[in-house]
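In what follows, every heavy atom counts, from backbone to side chain, and hydrogens, waters and symmetry copies are set aside.
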Amino acid sequence: MEFSFASMFILKLALLSLLGIATFANNIPTNKLISDICPKTKNPKKCADILSIGNSTRPAIPLDGLGLTILDVAIFQANLSVDAFNLVIIKIKNLPTKEKEKYQKCGDGYAGAVKKLGDAKTAWIKKNYALARKSIEVANDAPISCEKELKAIPPPLISVTTVNEISHITFEIALVIVKHLEGTQK
């Protein structure tokens, strides 16, 4: 599913605000780094869109720093996903019980993902990339299982579908980077 202009704009706005706080605002990944990472994801174009935000003549960021920044984005996005699924449950009063349970399952999955991504960040900072990878892999189950849940109900709300897809992409970029870093430690 393609993201609409509005969804990509919202994603870019969220990323820019989050990344503006981090050192990423002054250290953008090089095109070579992007071309090394993105083909290893399931959606290389969206990966390139995310990683090339603000790409200009600024100095390059090291892969470890880029990964930590993307992990921060993934944590932010996972929290946004929890909020989005909880909001659906609260705001839609006539939501059938079966659908409500599926949205609740997605929200709960993302709540667990937030914890696992936090664990991954702690491990990453300690350069324990194997543990960080394992934590991200567990967290990545949230968007995968949520996608299955959303397919099992009548057409889901576009906003939660988009939130889930964006989460999946950011989790995956962090996973590709940590796998690369883990491979360079051996």
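For the pair A78 and V114, the tightest heavy-atom approach, listed with the atom from each and the gap, is CB-CG2, 3.6 Å. Minimum interatomic distance between I37 and L66 (heavy atoms only, all atoms of both residues): CD1-CD2, 3.7 Å. Nearest heavy-atom pair across C38 and A48 is SG-N, 3.2 Å. When all heavy atoms of I70 and T170 are compared, the pair lying nearest together is CG2-O, 3.6 Å.
Between K179 and E137 there is a side-chain heavy-atom pair separated by less than 4.5 Å. Counting only heavy atoms from C-beta outward, the side chains of N86 and Y103 never approach each other to under 4.5 Å. Using a 4.5 Å heavy-atom cutoff, the side chains of I144 and H168 are in contact. Using a 4.5 Å heavy-atom threshold, the side chains of L71 and V178 count as separate. Contact check for E99 versus I92: no side-chain heavy atoms found under the 4.5 Å cut-off. For the pair H180 and T184, the minimum side-chain heavy-atom distance is below 4.5 Å.
Cluster annotation: L87 is not connected to V160 through the hydrophobic network of ILVMFWY side chains, with a link wherever side-chain heavy atoms come within less than 4.5 Å. V138 and I177 are not part of a single hydrophobic cluster, where members link through side-chain heavy atoms under 4.5 Å apart. Hydrophobic clustering of Ile, Leu, Val, Met, Phe, Trp and Tyr side chains at less than 4.5 Å, counting indirect connections, unites L63 with L68. Residues I75 and L181 fall within the same hydrophobic cluster, defined by Ile, Leu, Val, Met, Phe, Trp and Tyr side chains chained together at heavy-atom separations under 4.5 Å. L51 and F171 fall within a single hydrophobic cluster, where Ile, Leu, Val, Met, Phe, Trp and Tyr are joined by side-chain heavy atoms under 4.5 Å apart, directly or via other members.
Interatomic distance, I50 CD1 to Q77 CD, rounded to the nearest 0.5 Å: 8.5 Å. Taking CG of L80 as the start and OG of S159 as the end, the distance is 9.5 Å to the nearest 0.5 Å. Taking NZ of K42 as the reference point, atom CD1 of I169 lies at 11.5 Å (rounded to 0.5 Å). Note that SG of C146 is 10.5 Å distant from CD of E165, once rounded to the nearest 0.5 Å. Atom CD1 of I90 sits about 9.5 Å away from atom NZ of K100, to the nearest 0.5 Å. Atoms OG and NZ, from S145 and K102 in turn, are 10.5 Å apart once rounded to the nearest 0.5 Å.
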> When you look at K46 and T41, which way does the side-chain contact (heavy atoms from CB on, under 4.5 Å) test go after all the steps?
Replying inline: CA-CA 9 Å; K46 297 299 179 211; T41 66; over 6 Å; no
> Between R133 and L175, does a side-chain contact (heavy atoms from CB on, under 4.5 Å) hold up when you go through it step by step?
Replying inline: CA-CA 6 Å; R133 177 189 45 79; L175 187 58; 3.8 Å; yes
> How far apart are the C-alpha atoms of S135 and L117, what are their side-chain angles, what is the distance that settles it, and do they pass the side-chain contact (heavy atoms from CB on, under 4.5 Å) test?
Replying inline: CA-CA 6 Å; S135 295; L117 291 171; over 6 Å; no
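Distance alone, capped at 3.5 Å, places no donor-acceptor pair between the N140 side chain and the I136 backbone.
At a cut-off of 3.5 Å, with distance as the only test, a side-chain donor of N164 or Y110 sits close to an acceptor on the other residue.
Using a 4.0 Å cut-off between a side-chain N of Lys or Arg and a carboxylate O of Asp or Glu, E101 and K105 do not qualify as a salt bridge.
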Would you list the atom pairs, donor with acceptor, under 3.5 Å between side chains in residues 118-130 and any protein atom, with sequence neighbours excluded?
unit_1, atom_1, unit_2, atom_2, d
D119, OD1, K115, NZ, 3.3
D119, OD2, K115, NZ, 3.3
K121, NZ, D72, OD1, 2.6
T122, OG1, G118, O, 3.2
W124, NE1, D64, O, 3.4
W124, NE1, D64, OD1, 2.7
K127, NZ, D64, OD2, 2.9
N128, OD1, L131, N, 3.1
Y129, OH, D64, OD1, 2.6

